[in-house]
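What follows is a single structure, written as structure tokens, with notes after it.
Order of appearance sets the numbers: ligands from 1, and atoms from 1 within every ligand.
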Amino acid sequence: MNFVLHRTAHTALLAASFLAIAACTTLTDTPPADPQKMIDERVAVMKSYIGALSASTQYTQDKATAAAAKAKVAAARNGVAAARSLFPRGTALGDRGVARSRALSTIFANRADFDAKFDALAANFAALDAALAKNAKADATAALASTKKACLVCHDKYRAPED
Ligand code: HEC
């Protein structure tokens with residue numbers, strides 16, 4: 001009896017996770033009704049990354065406390081998952097309803113690579129966060145440099161030059 005109950009719960013869980021996966025696929029494959037709104041949202045998230053980098057730079061130059069920088073980095077870390085979900089198909093430069101964007105449509109043909117670049121960014125922010133938590137300036141300086149590289153490596157490939 002117990003076994004049967006267990007199996008049923010397991011099947012329900014499995015079904016739920018398949019549904020969740022289906023929902024994710026839909027999210028990245030169906031263009032949103034208002035692409036520009038989504039673009040503006042992700043640009044705002046990306047701008048919070050700049051705040052995290054500046055606060056961390058100030059910390060490494062003795063112009064801000066580790067705690068102040070850590071607060072900004074924590075917010076930016078939350079923003080990585082958010083930004084990742086804000087790049088569905090139909091939200092790049094040249095897509096219908098897109099007035100302003102620097103996102104290249106090659107993102108959609110290279111989704112796994114694009115997502116891996118977000119994963120790398122998340123890992124770098126985590127290292128920076130850990131260094132700030134320990135108030136370890138040399139570690140924070142190294143993590144900051146490597147975080148900036150994670151930004152550039154994605155921008156170089158998937159963001160159009162400024163016009
Ligand atoms: C996985 C790819 C990726 C990573 C990693 C990434 N960005 Fe971006 N970023 C983009 C894309 C694509 C755009 C263009 C979005 C648009 O205009 O629709 C963008 C836009 C921006 C913008 C908006 C203003 C502008 O000039 O386009 C800022 C600011 C920005 N990124 C900062 C950063 C910083 C700082 C980091 C690292 C801490 C970072 N980004 C990491 C892909 C990325």
Side-chain angles (χ1 to χ4, degrees), residues 21 24-61 63-163:
I21 290 166
C24 283
T25 313
T26 314
L27 186 72
T28 47
D29 287 347
T30 313
D34 187 348
Q36 190 60 51
K37 186 163 165 259
M38 197 170 270
I39 291 163
D40 294 346
E41 272 177 50
R42 72 195 181 202
V43 165
V45 172
M46 292 264 176
K47 284 187 178 161
S48 79
Y49 298 167
I50 302 266
L53 296 185
S54 340
S56 303
T57 304
Q58 287 182 335
Y59 161 72
T60 61
Q61 297 171 346
K63 292 176 191 153
T65 62
K70 195 179 183 309
K72 297 267 173 76
V73 170
R77 283 184 74 184
N78 288 334
V80 175
R84 204 179 150 143
S85 67
L86 291 172
F87 281 93
R89 228 170 238 290
T91 62
L93 198 59
D95 282 328
R96 188 200 315 224
V98 174
R100 299 171 308 279
S101 174
R102 291 172 66 190
L104 298 176
S105 59
T106 48
I107 290 170
F108 314 127
N110 297 282
R111 172 69 64 188
D113 178 61
F114 187 73
D115 282 349
K117 287 180 166 43
F118 265 131
D119 291 343
L121 178 65
N124 278 294
F125 270 143
L128 182 56
D129 200 349
L132 292 169
K134 286 188 297 187
N135 199 353
K137 204 155 286 177
D139 289 357
T141 305
L144 183 59
S146 135
T147 305
K148 287 182 190 163
K149 274 189 205 141
C151 312
L152 290 180
V153 87
C154 187
H155 289 167
D156 284 352
K157 190 164 177 189
Y158 296 112
R159 191 174 69 163
E162 220 158 358
D163 51 21

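- With rounding to the nearest 0.5 Å, the separation of NZ in K149 from CG in L144 is 11.0 Å.
- Ligand 1 places these atoms under 4.0 Å from at least one heavy atom of F87: 11 (C), 12 (C).
- Inclusion of Y158 in the set of residues having an N or O under 3.5 Å from an N or O of ligand 1 is not warranted.
- Between atom OG1 of residue T91 and atom CG of residue D34 there is a gap of 11.5 Å, rounded to the nearest 0.5 Å.
- In this structure, F118 and F87 have tilted ring planes: the angle between them lies in the 30° to 60° band.
- Nearest protein neighbour of atom 16 (C) of ligand 1, counting heavy atoms only, is S101 OG, 3.3 Å.
- Applying the salt bridge (Lys or Arg N to Asp or Glu O under 4.0 Å) criterion to K137, with sequence neighbours excluded, gives D62.
- Counting only residues at least two apart or in different chains, salt bridge (Lys or Arg N to Asp or Glu O under 4.0 Å) contacts with residues 123-133 comprise K70-D129, R77-D129.
- For A150, every heavy-atom contact with ligand 1 shorter than 4.0 Å involves the backbone, none the side chain.
- Of all the heavy atoms of L53, the ones lying under 4.0 Å from any atom of ligand 1 belong exclusively to the side chain.
- Of all protein atoms, those that are N, O or S and lie under 2.8 Å from atom 8 (Fe) of ligand 1 total 2.
- Close N/O approach between T91 and ligand 1 is not found [any backbone or side-chain N/O within under 3.5 Å].
- At a heavy-atom cutoff of 4.0 Å, ligand 1 is contacted by the side chain of F125 but not by its backbone.
- The two residues A52 and F125 come nearest to each other via the heavy atoms CB-CE2, 4.3 Å.
- If you take CD1 on I39 and CZ on R100, they are separated by 8.5 Å, rounding to the nearest 0.5 Å.
- Separating the CZ atom in R159 from the CE atom in M46 is a distance of 8.5 Å, to the nearest 0.5 Å.
- Residue contacts with ligand 1, taken as heavy atom pairs separated by less than 4.0 Å, do not involve R100 at all.
- Counting heavy atoms from C-beta outward, D95 and F108 have side chains that approach closer than 4.5 Å.
- Residues satisfying the salt bridge (Lys or Arg N to Asp or Glu O under 4.0 Å) criterion with K37, sequence neighbours excluded, are absent altogether.
- The number of heavy atoms from other shown groups lying within 6.0 Å of NZ (K72) does not exceed 12.
- For the residue pair A76 and Y49, the shortest heavy atom distance occurs at O-CE2, 3.6 Å.
- When the options K47, K117, R102, Q36 are ranked by their closest heavy atom to atom 17 (O) of ligand 1, first place goes to R102.
- Those atoms of ligand 1 with a heavy atom of I39 less than 4.0 angstrom away are 18 (O).
- Between R42 and ligand 1, an N or O atom pair is found at a separation short of 3.5 Å.
- At the shortest separation from atom 23 (C) of ligand 1 among protein heavy atoms lies V43 CG1, 3.7 Å.
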